[in-house]
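In what follows, chains are A, B, ... by sequence order, proteins preceding strands, each numbered from 1. Note: hydrogens, waters and symmetry copies are ignored here, and every other heavy atom, side chains too, is used.
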There are 2 protein chains.
Amino acid sequence: MTESQAKLAPTLAESPARTVERILSAAARLFAERGMAGVGLREITAEAGVNLAAVNYHFGSKEKLLEALFARRALPITQERMRLLGRCAEAPGRQPMLEQVLEGFLRPAFSLGREAGVDGATFGKLRARLSVESVELYRRILSQAFDASTAAFLEAVVAALPDLPRAEVEWRFHFMLGTMLYTMADSGRIQSITGGTCQPSDAEMALAKLVPFLCAGFRAPPTA
Amino acid sequence: MTESQAKLAPTLAESPARTVERILSAAARLFAERGMAGVGLREITAEAGVNLAAVNYHFGSKEKLLEALFARRALPITQERMRLLGRCAEAPGRQPMLEQVLEGFLRPAFSLGREAGVDGATFGKLRARLSVESVELYRRILSQAFDASTAAFLEAVVAALPDLPRAEVEWRFHFMLGTMLYTMADSGRIQSITGGTCQPSDAEMALAKLVPFLCAGFRAPPTA
DNA sequence: ATCCGTATAAAACACTCGTTCGAAAGAAGA
DNA sequence: TCTTCTTTCGAACGAGTGTTTTATACGGAT
């Protein structure tokens, strides 16, 4: 009932970190593929090669496992985002401001997160899945992880498009989130329609195609 | 084991259609909110006001319930899509071809489906959720329901943009699917970022904002 | 060596899951 | 009325769920 079993500040380099990391890695993979409700703790612990009770011992509950997963994997993304946003600047020889901002927002989401055994694509899938749910827990996790940096980028886009009404920018920013998340989800649908010529799993290619597309959309004249 | 209990061709207007429809309606709502694995048959049948065994009696299994749901709700969308595609034509006084095609693709997805108790928004959410999963069953259901009409619209967009390489069109078509599905999902995230000024649940507004945005993106010069 | 806080292990907890069964009820025709 | 087919209902099945508990092993410190 109480949170007595939360790990009590292991002062030194933890040797059981291996177990924790193995659980996180397996959980990310399985959650991304079949969702929170679709995967059992027994399957996760079996794939991680640890005992069933390890999840509740190290994380407290299944829900807190998901929270811990996001707390670890999302931070590098938002940090890199803010770093890239700080480097954006109008200067001769560089790309226009809007292109810089969008690339700074999208690139970390696509390419980052592949530290410590969980590749970026897996975490992206998990993110995309949680993003289309209306479950309160997921919305809270996503908000806590990404809202701050996302709001900062929204302001940067507003500033980069001074002639566009703010409401218009917000709609288009929303559309951008859709393209980003659906590409990260990589559901395989576009492959089945086109026969495989378009591969959203290729992060560099996706970025190269996505940024010009979005910039053109953002620069469209305001709606009547 | 066998499919013996499938409903055996009720020759006339079925009176138990009420039960079937109530189940479909409740299942759509609950599946859309919490996913296939997140909702139990007991909750569905309770909300529908029918007996627990009714699902297996009328549909055969939980999976077949989902298939039946899509078989009923997706057909009107694709039919309306193809009807609108057939009406697209280059003519003075009308919008450009690309705008007509995209509107024909998007409008039925947003506004249709609200027949027989399930409003369009609910089915849209369910669609969006299934679209980001990589589970084989869901991909099969979505492919069967939408691939044909989607492929036809892809060809129409290719034809409307003769100067754009096909691969480029396919990428941008994929991006369009992302904007459409994320808007239908209406996860509430853009509201929490912007404070509620942007409401994806407003279908007409979403269409008015989405079509110009996408058309500008499609018309961007090809990537190097 | 003992003690102690941490970690792992196996078993059991109380539920919920999708599905099935047998009986009861209803509807329609002979 | 009797019969037949369809539909509903309550109860149960076996399997699987997240979580808790109990006991055992490990690793340093005193």
Student: When we call it a touch if two heavy atoms are under 4.0 Å apart, what does B/A54 touch: a base, just sugar-phosphate, or nothing?
Tutor: nothing

Student: Can you say whether the rings of A/W171 and A/F175 are parallel (under 30°), tilted (30 to 60°) or perpendicular (over 60°)?
Tutor: tilted

Student: Answer yes or no: is there a donor N or O on one side and an acceptor on the other, between the side chain of B/R129 and the main chain of A/E133, under 3.5 Å?
Tutor: no

Student: For the pair made of CZ in B/F59 and P in C/dT20, what is the distance, rounded to whole Å?
Tutor: 16 Å

Student: Any side-chain N or O of A/T19 under 4.0 Å from OP1/OP2 of C/dT8?
Tutor: yes

Student: Ignoring the backbone of A/K62, work out which of C/dT19, D/dG18, D/dT8 is nearest its side chain.
Tutor: D/dG18

Student: Provide, to the nearest angstrom, the distance between the CD1 atom belonging to B/I23 and the P atom belonging to C/dG18.
Tutor: 13 Å

Student: Give the rounded distance in Å between these two atoms: CG of B/L65 and P of C/dT19.
Tutor: 10 Å

Student: Rounded to whole angstrom units, what separation is found between the CG atom of A/L52 and the P atom of D/dT17?
Tutor: 10 Å

Student: Which nucleotide wins on minimum distance to the side chain of B/A53, given the candidates D/dG10, C/dT19, C/dA10?
Tutor: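 Given the options D/dG10, C/dT19, C/dA10, the side chain of B/A53 is closest to D/dG10.
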
Student: Look at the side chain of A/Y57 and decide which nucleotide, out of D/dT19, C/dA7, D/dA11, has an atom nearest to it.
Tutor: C/dA7

Student: Is the B/F213 ring parallel, tilted or perpendicular to the A/F218 ring (thresholds 30°, 60°)?
Tutor: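 Geometry flag for A/F218 against B/F213: perpendicular rings.
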
Student: Verify, without hydrogens or angle tests, whether B/S25 (side chain) and B/E21 (backbone) share a donor-acceptor contact under 3.5 angstrom.
Tutor: no

Student: How many whole angstroms separate atom CZ of B/R18 from atom C1' of C/dG26?
Tutor: 17 Å

Student: Between C/dG18 and B/R42, counting only base atoms on the nucleotide and side-chain atoms on the residue, is there a donor-acceptor pair under 3.5 Å?
Tutor: yes

Student: Counting only heavy atoms not in B/M82, do more than 12 fall under 6.0 Å of its CE?
Tutor: yes

Student: When the distance from NZ of A/K64 to C1' of D/dT19 is rounded to whole Å, what number comes out?
Tutor: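 Rounding to the nearest Å, NZ of A/K64 and C1' of D/dT19 are 13 Å apart.
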
Student: With a cut-off of less than 4.0 Å, is there a side-chain N or O of B/H58 near OP1 or OP2 of D/dT6?
Tutor: no

Student: Tell me: CG of B/N56 to P of C/dT19, nearest whole Å?
Tutor: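 Taking CG of B/N56 and P of C/dT19, I get 5 Å after rounding.
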
Student: Between C/dG18 atom P and B/F31 atom CZ, what is the distance in whole Å?
Tutor: 8 Å

Student: Given C/dT20, C/dA10, D/dT20, which nucleotide is nearest the side-chain atoms of A/N51?
Tutor: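 Given the options C/dT20, C/dA10, D/dT20, the side chain of A/N51 is closest to C/dA10.
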
